[in-house]
Amino acid sequence: MKIAFFDTKPYDREAFEKYGKEYNIKFKYFETKLNEDTVDLAQGYDGVCAFVNDTVNEAVIDRMAQMGVKVLALRCAGFNNVDMKYAFGKIHVLRVPAYSPYAVAEHTMALLLTSIRRIHKAYIRTKDFNFSLSGLTGFDLYGKTVGVIGTGRIGRVFIDICRGFGMKVLAYDKFPAAGLDNGDTIRYVELNELFEKSDIISLHCPLTEDTHHIINGDALDVCKRGVVILNTSRGALVDAEALLAGIKSRKVGAACLDVYEEESDFFFEDFSGHIMEDDTLARLISMPNVIVTSHQAFLTQEALENIAETTVKNIVGFFETGQCPNELCYRCGTAEDCRDGKCF
Ligand code: NAI
C-alpha cells in the first residue's frame, strides 16, 4: 500500500517508518502542505495522510477522487480543515480521535504556569545574570476559578490537573459528561456564568459553527478584569482582534495561545528571517503577557507513537475490511465518528 504523506516534519518520520514497516505500508514523505496546488503529488497513491494545517476543500477532494485516492487518513483529532459534507461519498476520511489527552492538557498547564509566574521573563533575565525580581509578581492558582469549555478527553484531564492545584472548576459543554459535576468543586454552568466568574478560561472544544469565536468582544466584556485566556484547541475559537483589544485595554490579564486563527500561514515553519506579515499575530507576540507556542501541545514522544500506530492501523483496517471505527462520516451524524463504518 502506498500513502502520500503531506506536511512532513522530521519528528513525524521515525514512528511512521516503524509502524509502516510493521504493517507493510510505504509512505512517501512530502514536506509541502496539501492544498489545490500540491494535491497532484498524490497521483498513483492509495491514500493521503494529512495534518491540521493541510487544506482539504472541494477542489482537493475532487482531485483526490479523480486520481483514485480512496482514503484520507488524518493524523490528528480535529477535522475542521476538511470539508466533511463535500467529502461524503467521494473519499473516506479517517482520524486519530485520541492519542494523548495528557500531552495537550499538560502543555496547557505549562503555558498557564509560565505566564502567571512570569517564567518566560525570568528565564531571559537570569540568562543575562539579571537577578532582579521587579515586575515578576504572580498569583496563586490555589482557590482560583477556572472555566473549562469542552469537557471531553482533554478538558477532563485538564480539570484533574487544575483540581490538583486546588482550583475550583466551572465547566461548559454542549453535551455535559455524566458524573463530572460534583455540585461543589466542579460545576456545569451556562456559558455566561462561566465568563462572569472565571479567573482563567481554557478552551477544549472542537471548532464548529457553534464555537467559532466563542471568545469574542461580547464574551470578554462579561469576563472578570484580568481574566487569563488559554487556547490549546483551535485558533478560530478566539477572535484574535478582540483578544488583542482586551489585552490593550487591560481587561485580559494574560493569554496563552498554542493555536491561532491564521496559523496555517506560519505555524510549523521558521519565519525568523522574514518580515512578519500578520500584524495581529505580531502585536500579540509583542505583548509581555502573551505566550504563543506553535501548535505544539500534541508534541510528546507518547503522542507521536500513538498517532502513528493508530493512523497505520486505521489505513490497514480500512483497506482490509472496508471499514474503520475511526472513520468520520457526514451521513452518520454531523461529521461524527462513523457508527457503522460502511456508509458508502
Ligand atoms: P473530545 O471530542 O474528547 O472533546 C470535545 C468536547 O467538546 C466534547 O465533550 C464535546 O461535547 C464538546 N463540545 C462540542 N461542541 C461544543 C460546543 N458547541 N460547546 C461546548 N463544548 C462542545 O476532544 P478532545 O480530544 O478533548 O480534543 C478537544 C480539542 O482539542 C480538539 O477538537 C482539537 O481541536 C484540540 N486539539 C489540539 C491539539 C494541539 O496540539 N493543540 C491536539 C489535539 C486536539
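Fair warning: this is a prediction, and the values are worked out from it, not measured in the lab. Atoms within a ligand are numbered from 1 in the order they appear, just like the ligands themselves.
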Closest protein heavy atom (residue, atom, distance) for [atom]:
atom                    : answer
atom 28 (C) of ligand 1 : H204 O, 3.4 Å
atom 4 (O) of ligand 1  : G152 CA, 3.2 Å
atom 16 (C) of ligand 1 : K174 CB, 3.7 Å
atom 44 (C) of ligand 1 : I154 CD1, 3.6 Å
atom 34 (O) of ligand 1 : R234 CG, 3.2 Å
atom 40 (O) of ligand 1 : F298 N, 3.1 Å

Is the shortest side-chain heavy-atom distance between E261 and V238 below 4.5 Å?
no

If you define the side chain from C-beta out and look only at heavy atoms, does anything of I247 sit under 4.5 Å from V290?
yes

On the 0 to 90° scale, with breaks at 30° and 60°, tag the [X]-[Y] ring pair as parallel, tilted or perpendicular.
X    : Y    : result
F268 : F298 : perpendicular
H92  : F318 : tilted
F88  : Y330 : tilted

Do F6 and F51 have ring centres separated by under 6.0 Å?
no

Strictly below 4.0 Å, N to O, side chains only: are [X] and [Y] in salt-bridge contact?
X   : Y    : answer
E58 : K90  : no
K18 : E305 : yes
K85 : D83  : no
R13 : E17  : no

Using a strict 4.0 Å cut-off to heavy atoms of [X], name the atoms of ligand 1 that fall inside it.
X    : result
C205 : 7 (O), 21 (N), 22 (C)
V104 : 38 (C), 42 (C), 43 (C)
Y172 : 19 (N), 20 (C)
T211 : 17 (C), 18 (N), 19 (N)
T232 : 37 (C), 38 (C), 39 (C), 41 (N)
D210 : 18 (N)
Y99  : 42 (C), 43 (C)

Output yes when the distance from some N or O of ligand 1 to some N or O of [X] is under 3.5 Å, and no in every other case.
X    : result
L207 : no
V259 : no
I149 : no

Can you tell me how far apart NE2 (H107) and OG1 (T293) are? Round to the nearest 0.5 Å.
3.0 Å

Got a second to check how far L94's CG is from N314's CG, nearest 0.5 Å?
5.0 Å

Per-residue contact class, R153 against ligand 1 - non-hydrogen pairs under 4.0 Å
both

Is the contact between D173 and ligand 1 made by the side chain, the backbone, both, or neither, using heavy atoms and a 4.0 Å cut-off?
both

Heavy atom to atom 13 (N) of ligand 1, shortest distance: which of G150, P206, C76 holds it?
P206

Check if S233 has a non-hydrogen atom at a distance under 4.0 Å from any atom of ligand 1.
yes

